[in-house]
Amino acid sequence: MKCRYCGHEIPEGELYCGRCGEEVFIVPDYNPLDDMLTAQIKVGVNSEDTDSDYLDDIAADVKRRTPPGGRTGNSQNMNVRRNTGQNTGARRNTGTGRNTGAGRNTGAGRNTGAGRYTGTGRNMNAGRYTSTGRNMTDRELYEREKRRRQAERKKELLRKKRQKVLLILAILVIGIVAGCVTLYQNSYSGIIGSGYRALKNQEYASAENYFRRAIEKDDKKADGYTGLAQTYVRQDQLSDANELFTGAINAQKNNVDLYEAYIIFCIDSGQQAKIPLLLDEAPESVSEKLSEYIIDEPEYDLDEGEVLEEVHQLEITASGNTIYYTTDKSEPTISSTKYNEPIQLAEGENVIRAIAVDERGIPSLPVEKTYIVEFPVEDAPAVSPSTGQYEQAQKIEIKVPDGYEAYYTLTGDDPTTASTKYTGPIDMPEGETLFKAILVNGGGRTSSVTTRNYMLEIEEE
């Protein structure tokens, strides 16, 4: 007998081909189509899980594979068992003609298995063996397929369950985010943020509403006042911004945050001159915490109160800060005279007011000192001629020292700086004259009065 696969001659009694190793079975003549149809009917009646497409494939395969005369030759059965009340082994042919299962004959001694061809030219159940090395029965294959499908269904259910869980989590996250956004928008910080966005977009009415809401929500926090003040400034309402802060500070005199917010606002708006007075009037607990904004006052090297009798120079120091001063009793500012060298004190009263200014433009409180300089005054001026009667015309002269001016009268009244100023010798009037004169120094101080009584009678020739 020859091997149907390779054509090699197989000796009698051999069950395998010596060349290709294929197994050889001697199958009696029968018509497998009848057995297949019978099995199909039984399976369709008794099994709810029957795969009708599968059985149709079996029928088509058997018709293709059955040789003329009804023999299968050396076809090998795949033998997939289905439990229909009796085992009717259905041999499943993969197209190679190799039986991967052990075909089981019915009581009539013929094989009811129908080979199923996959169209790929290979045995679908080839190589499926149990752990004992025997071919798997159709029942075992069915159970295995059943478990596989159950596993796939479980995977699908698990996948759907995961999708549901992820969807629920996504909904929860979206809800939480939306809730957080809502809470933030209605929180103090959220309202402040909305106010600044409106201010940036020049929506001033909306910005005012947001900042007022923030102040109503918490009037002790300074952010709302700062935002509202900036909104006023953008609309050229600086006075309203100052009134906003001062009103809040008067209502909350110990609120350090409000004081600091107003100080920063003053720096940003060029109103640093308001800072020293603000902190000077603040409670000590506030000024101590805001000491970084308190600038040390300038120091003078001369004490006031003592009358100076000679020229002096005044030196002022301010710990490295810039000094500005005035000598006309006006308030010093950064527009006043900048101190670069000692100040010369003139004769008379000298009122010096000075401030120290740091690099931020914050000034100290002004320091004012008054210095009196009085040079010694000459005694009453020397006047010639002396008192007497004269018969010839005379010239009256006053000796005026350097640094002085002389003033006189001819009526007997005491002279002042409003009297006639002496500029040179004076003709003595005829008749009786009561002459008085004084000296006035550069500081406006006057000497005592010199008095002369003249009688001029000129004789006629």
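Just so it is clear, the structure is predicted and the values come from calculations on it, not from any experiment.
Look at E349 and K329 and you find a salt bridge, because one of the NZ, NE, NH1 or NH2 atoms lies within 4.0 Å of a carboxylate O, short of that distance. With respect to E216 and R212, no salt bridge is recorded, no charged nitrogen being found less than 4.0 Å from a carboxylate O. Under the 4.0 Å criterion applied to side-chain N and carboxylate O atoms, R153 and E156 are not assigned as salt-bridge partners.
Between the side chains of Y262 and N242, a donor-acceptor pair is found at a separation under 3.5 Å. With 3.5 Å as the limit, one finds a donor-acceptor pair spanning the side chains of R197 and S194.
Annotation: the span from Q252 atom CD to Y259 atom OH amounts to 10.0 Å, rounded to 0.5 Å. R213 contributes atom CZ, which lies 14.0 Å from atom CG of D218 (distance to the nearest 0.5 angstrom). Between the OG atom in S364 and the CD1 atom in I294 there is a gap of 11.5 Å [rounded to 0.5 Å]. Remark: I438 CD1 to T416 OG1 distance equals 6.5 Å, nearest 0.5 Å. The CG atom of D379 lies 8.0 Å from the OG atom of S447; values are rounded to the nearest 0.5 Å. Rounding to the nearest 0.5 Å gives a distance of 7.0 Å between CD1 of I352 and OH of Y300.
Applying the 6.0 Å contact sphere to CZ of R162 captures no more than 12 heavy atoms from other residues, nucleotides or ligands. Counting non-hydrogen atoms of neighbouring residues, nucleotides and ligands closer than 6.0 angstrom, the CD atom of E284 reaches no more than 12 such neighbours. Atom CD of E341 sits in a sparse spot, with 12 or fewer heavy atoms from other residues, nucleotides or ligands closer than 6.0 Å.
Listed by first then second residue, pairs satisfying ring pair (Phe, Tyr, Trp, His ring centres under 6.0 Å) with a partner in residues 264-289 read F245-F265, not counting sequence neighbours. For the side chain to side chain donor-acceptor pair (under 3.5 Å) condition, the pairs that include at least one residue of residues 301-322, sequence neighbours left out, are Q313-Q344. Applying the salt bridge (Lys or Arg N to Asp or Glu O under 4.0 Å) test to every pair with at least one member in residues 422-433, sequence neighbours left out, gives these pairs: K395-D427. Applying the ring pair (Phe, Tyr, Trp, His ring centres under 6.0 Å) definition to pairs two or more places apart or across chains, those involving residues 393-435 are Y408-F435. Listed by first then second residue, pairs satisfying salt bridge (Lys or Arg N to Asp or Glu O under 4.0 Å) with a partner in residues 361-371 read R353-E368, not counting sequence neighbours.
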Please walk me through it: do R234 and L199 pass side chain to side chain contact (heavy atoms under 4.5 Å, CB included)?
-> CA-CA 9 Å; R234 292 284 188 87; L199 182 59; 3.9 Å; yes

Do M428 and R452 pass the side chain to side chain contact (heavy atoms under 4.5 Å, CB included) test, and can you show the C-alpha distance, the side-chain angles, and the key distance before you say yes or no?
-> CA-CA 11 Å; M428 181 183 297; R452 295 287 185 267; over 6 Å; no

Derivation and outcome, salt bridge (Lys or Arg N to Asp or Glu O under 4.0 Å), residues R144 and E140 | CA-CA 6 Å; R144 183 173 178 175; E140 291 170 337; over 6 Å; no

Side chain to side chain contact (heavy atoms under 4.5 Å, CB included) assessment of L302 paired with L345 = CA-CA 11 Å; L302 293 177; L345 298 179; 3.9 Å; yes

Stepwise salt bridge (Lys or Arg N to Asp or Glu O under 4.0 Å) test for K155 and E152 | CA-CA 5 Å; K155 288 182 180 179; E152 288 180 352; over 6 Å; no

For the pair I249 and L278, evaluate side chain to side chain contact (heavy atoms under 4.5 Å, CB included) and give the outcome as yes or no after the intermediate values.
-> CA-CA 10 Å; I249 288 173; L278 174 70; 4.2 Å; yes

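Between P363 and I334, every side-chain heavy-atom pair lies at or beyond the 4.5 Å cut-off. In this structure, the side chains of K217 and I191 come closer than 4.5 Å at one or more pairs of heavy atoms. Residues K221 and I192 fail the side-chain proximity criterion, which asks for heavy atoms closer than 4.5 Å. Looking at I295 and I355, their side chains never come closer than 4.5 Å, going by heavy atoms from C-beta outward. Residues T326 and E331 fail the side-chain proximity criterion, which asks for heavy atoms closer than 4.5 Å. With a 4.5 Å cut-off on side-chain heavy atoms, T451 and L434 count as touching. Here the side chains of L244 and Y225 are in contact, with some heavy-atom distance below 4.5 Å. The side-chain heavy atoms of E405 and K421, taken from C-beta on, include a pair separated by under 4.5 Å.
Applying the ring pair (Phe, Tyr, Trp, His ring centres under 6.0 Å) rule to Y196 yields the partners F211; only residues at least two apart in sequence or on another chain are considered.
Only one option out of T409, D413, T450, D414 pairs with K436 in a side-chain hydrogen bond (donor to acceptor under 3.5 Å, both in side chains); it is D414. When R147, R139, K146 are each tested for a side-chain hydrogen bond (donor to acceptor under 3.5 Å, both in side chains) with E143, only one passes: R139.
Using a distance-only test at 3.5 Å, with no hydrogens or angles considered, no donor-acceptor pair links the side chain of S287 to the main chain of L279. At least one donor-acceptor pair closer than 3.5 Å links the side chain of N255 to the backbone N or O of K220. Judged by distance alone, the side chain of R360 and the main-chain N or O of I267 form no donor-acceptor pair under 3.5 Å. Of the possible donor and acceptor atoms, none in the side chain of D280 sits under 3.5 Å from a partner among the backbone N and O of P276.
In plain terms, the two heavy atoms of D257 and A222 that are nearest each other are O-CB, 3.7 Å. Here the closest non-hydrogen pair linking C266 and I275 is CB-CG1, 4.1 Å. Closest approach of I316 to I323, counting heavy atoms only: O-CD1, 3.5 Å. Summarising the geometry of A437 relative to P381, their closest heavy-atom pair is O-CG, 3.6 Å, with the distance given to 0.1 Å. Nearest heavy atoms, G195 versus Y210: CA-CB, 3.6 Å. Taking both residues in full, the closest heavy atoms of L439 and P401 are given as CD1-CD, 3.6 Å, listed atom of the first, atom of the second, then distance.
Note: Y454 and Y390 have tilted aromatic rings, judged against thresholds of 30 and 60 degrees for the angle between ring planes.
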